[in-house]
Amino acid sequence: MVARKKRSLYDPLKRAADLVCAAGALVVLSPVLLVIALLVRTQLGSPVIFTQERPGLDEKIFRLRKFRTMKNIDPSHGLVTDAERLTRFGKRLRSSSLDELPALLNVVRGEMSIVGPRPLLVRYLDRYSPEQSRRHEVRPGITGLAQVNGRNNLSWEEKFAFDLQYVDTRSAALDLEILRRTFSTVLKRGGVAADGHATTHEFLGTPSQEREEQ
């Protein structure tokens, strides 16, 4: 089900700021992007960029771009966990959040914003409650309110609560505060992985009783 459209007068200004900032960052950080690309190619091989379909604004599907942090696995090896695929180099790249830099291209293309709810997996779409699906009323972001309040240490319900808080209260002041706190979060490298997981546990949906109460 497509999320209800709820636009803000701030949205056009936010899109213009995203375009200018993302394009500028790609130019300024191009040497960093080149070095990381070479390291990924050396450590993990090709492809350097990982792409995956994710739902964005109004649940429109786009291809998210990130630097690859996991090894390719031969299907004949059977089912392999993310923990087995995530190399020491990949863990360091992921913990630094530098693997997210190619998503700036998604921002330039208008598929993402610098700040917003993180884009999750397409298969989660049918698992959201109607209220949770409202996270798609805005463009997904590289960083967001949930990311500066615990990241993957949060439960799914807590993450969605922060996402909806952002949807309903988004403003320039809030975006700037999230960006300020993002730098601190990245430096501390906290909450990159949930306890007992290489990344995070899968969202399996809201229990039917909770759905009815919402």
Side-chain angles (χ1 to χ4, degrees), residues 1-26 29 52-66 97 99-122 124-125 127-188 190-192 200 203 206 210-211 214:
M1 180 175 63
V2 177
R4 299 188 306 273
K5 293 185 178 181
K6 182 180 179 181
R7 300 296 181 251
S8 164
L9 294 176
Y10 171 56
D11 291 346
L13 175 62
K14 177 179 172 69
R15 172 59 191 145
D18 279 338
L19 180 58
V20 171
C21 292
L26 284 171
L29 296 175
Q52 188 177 56
E53 289 190 338
R54 300 287 176 95
L57 178 65
D58 297 330
E59 298 182 4
K60 182 178 179 180
I61 306 302
F62 70 98
R63 296 198 69 84
L64 173 70
R65 293 167 173 80
K66 299 174 66 174
S97 296
D99 63 314
E100 303 281 357
L101 290 179
L104 290 168
L105 288 170
N106 292 114
V107 177
V108 171
R109 289 167 56 91
E111 298 160 335
M112 291 182 64
S113 176
I114 294 175
V115 178
R118 286 291 297 164
L120 302 178
L121 301 176
V122 173
Y124 291 178
L125 286 174
R127 303 175 187 178
Y128 297 132
S129 69
E131 185 69 7
Q132 289 166 348
S133 69
R134 291 184 53 235
R135 68 193 309 277
H136 297 109
E137 290 177 359
V138 299
R139 286 184 177 85
I142 296 176
T143 185
L145 200 54
Q147 282 61 54
V148 298
N149 280 286
R151 224 168 172 180
N152 283 328
N153 284 333
L154 300 173
S155 68
W156 282 111
E157 288 69 24
E158 290 171 324
K159 290 178 184 178
F160 294 145
F162 280 120
D163 289 345
L164 296 178
Q165 181 182 337
Y166 180 79
V167 169
D168 292 334
T169 64
R170 62 192 184 276
S171 67
L174 180 58
D175 280 0
L176 290 173
E177 174 64 12
I178 291 172
L179 288 172
R180 183 190 69 79
R181 294 177 60 186
T182 295
F183 288 113
S184 175
T185 300
V186 169
L187 289 175
K188 293 177 181 177
V192 176
T200 190
F203 173 60
T206 301
E210 294 181 21
R211 285 177 180 266
Q214 290 175 353

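Treat the numbers as computed from the prediction; the structure is a model and nothing was measured.
- Between Tyr166 and Gly116 the shortest heavy-atom distance is CE2-CA, 3.9 Å.
- Taken to the nearest 0.5 Å, the CG atom of Leu26 stands 11.5 Å off from the SG atom of Cys21.
- The neighbour count for Tyr10 OH, taken as heavy atoms of other residues, nucleotides or ligands under 6.0 Å away, is above 12.
- Between Arg65 and Glu111 there is a side-chain heavy-atom pair separated by less than 4.5 Å.
- Between Ser113 and Val138 the shortest side-chain heavy-atom distance does not fall below 4.5 Å.
- With Glu177 contributing its side chain and Leu174 its backbone, the two residues share no donor-acceptor pair below 3.5 Å.
- Here the closest non-hydrogen pair linking Arg134 and Val167 is O-CG2, 3.8 Å.
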Chi angles and distances behind the side-chain hydrogen bond (donor to acceptor under 3.5 Å, both in side chains) call for Gln52, Arg54: CA-CA 6 Å; Gln52 188 177 56; Arg54 300 287 176 95; 2.7 Å; yes
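- Although no hydrogens or angles enter the test, the distance criterion places no donor-acceptor pair under 3.5 Å between the side chain of Arg135 and the main chain of Pro117.
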Chi angles and distances behind the side chain to side chain contact (heavy atoms under 4.5 Å, CB included) call for Asp175, Lys14: CA-CA 9 Å; Asp175 280 0; Lys14 177 179 172 69; 2.8 Å; yes
Residues Thr143, Phe183; criterion side chain to side chain contact (heavy atoms under 4.5 Å, CB included); working and verdict: CA-CA 10 Å; Thr143 185; Phe183 288 113; over 6 Å; no
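- Scanning both residues, Tyr128 and Ser133, for their nearest heavy atoms gives CB-N, 3.9 Å.
- Residues Ala22 and Ile114 come closest through the heavy atom pair N-CD1, 4.3 Å.
- Under the 4.5 Å side-chain criterion, counting only non-hydrogen atoms from C-beta, Phe62 is in contact with Asn106.
- In this structure, the ring of Trp156 has its center less than 6.0 angstrom from the ring center of Tyr124.
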Stepwise side-chain hydrogen bond (donor to acceptor under 3.5 Å, both in side chains) check, Ser97 with Arg151: CA-CA 12 Å; Ser97 296; Arg151 224 168 172 180; 2.7 Å; yes
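- Here the closest heavy-atom approach between residue Thr185 and residue Val148 is recorded as OG1-CA, 3.9 Å.
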Verdict with supporting geometry, Glu131 and Leu164, side chain to side chain contact (heavy atoms under 4.5 Å, CB included): CA-CA 8 Å; Glu131 185 69 7; Leu164 296 178; 3.5 Å; yes
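- Between Glu59 and Leu125 the shortest side-chain heavy-atom distance falls below 4.5 Å.
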Full working for side chain to side chain contact (heavy atoms under 4.5 Å, CB included) between Leu19 and Val107: CA-CA 7 Å; Leu19 180 58; Val107 177; over 6 Å; no
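- Considering only heavy atoms from C-beta on, Met112 comes within 4.5 Å of Ile142 through its side chain.
- The two residues Gly141 and Pro119 come nearest to each other via the heavy atoms O-CD, 3.6 Å.
- Taking 4.5 Å as the limit, some side-chain heavy atom of Arg139 sits within range of a side-chain heavy atom of Arg15.
- Between Glu137 and Arg170 there is no salt bridge, since no side-chain nitrogen of the basic residue lies less than 4.0 Å from a carboxylate oxygen of the acidic one.
- Taking the charged nitrogens against the carboxylate oxygens, Arg118 and Asp163 have no contact shorter than 4.0 Å, which rules out a salt bridge.
- Side-chain contact of Asn149 with Lys159: a donor-acceptor pair under 3.5 Å is absent, judged by distance alone.
- To the nearest 0.5 Å, atom OG1 of residue Thr182 and atom CG of residue Leu176 are 11.0 Å apart.
- Taken from CG in Asp58 to NE2 in His136, the straight-line distance is 9.5 Å, to the nearest 0.5 Å.
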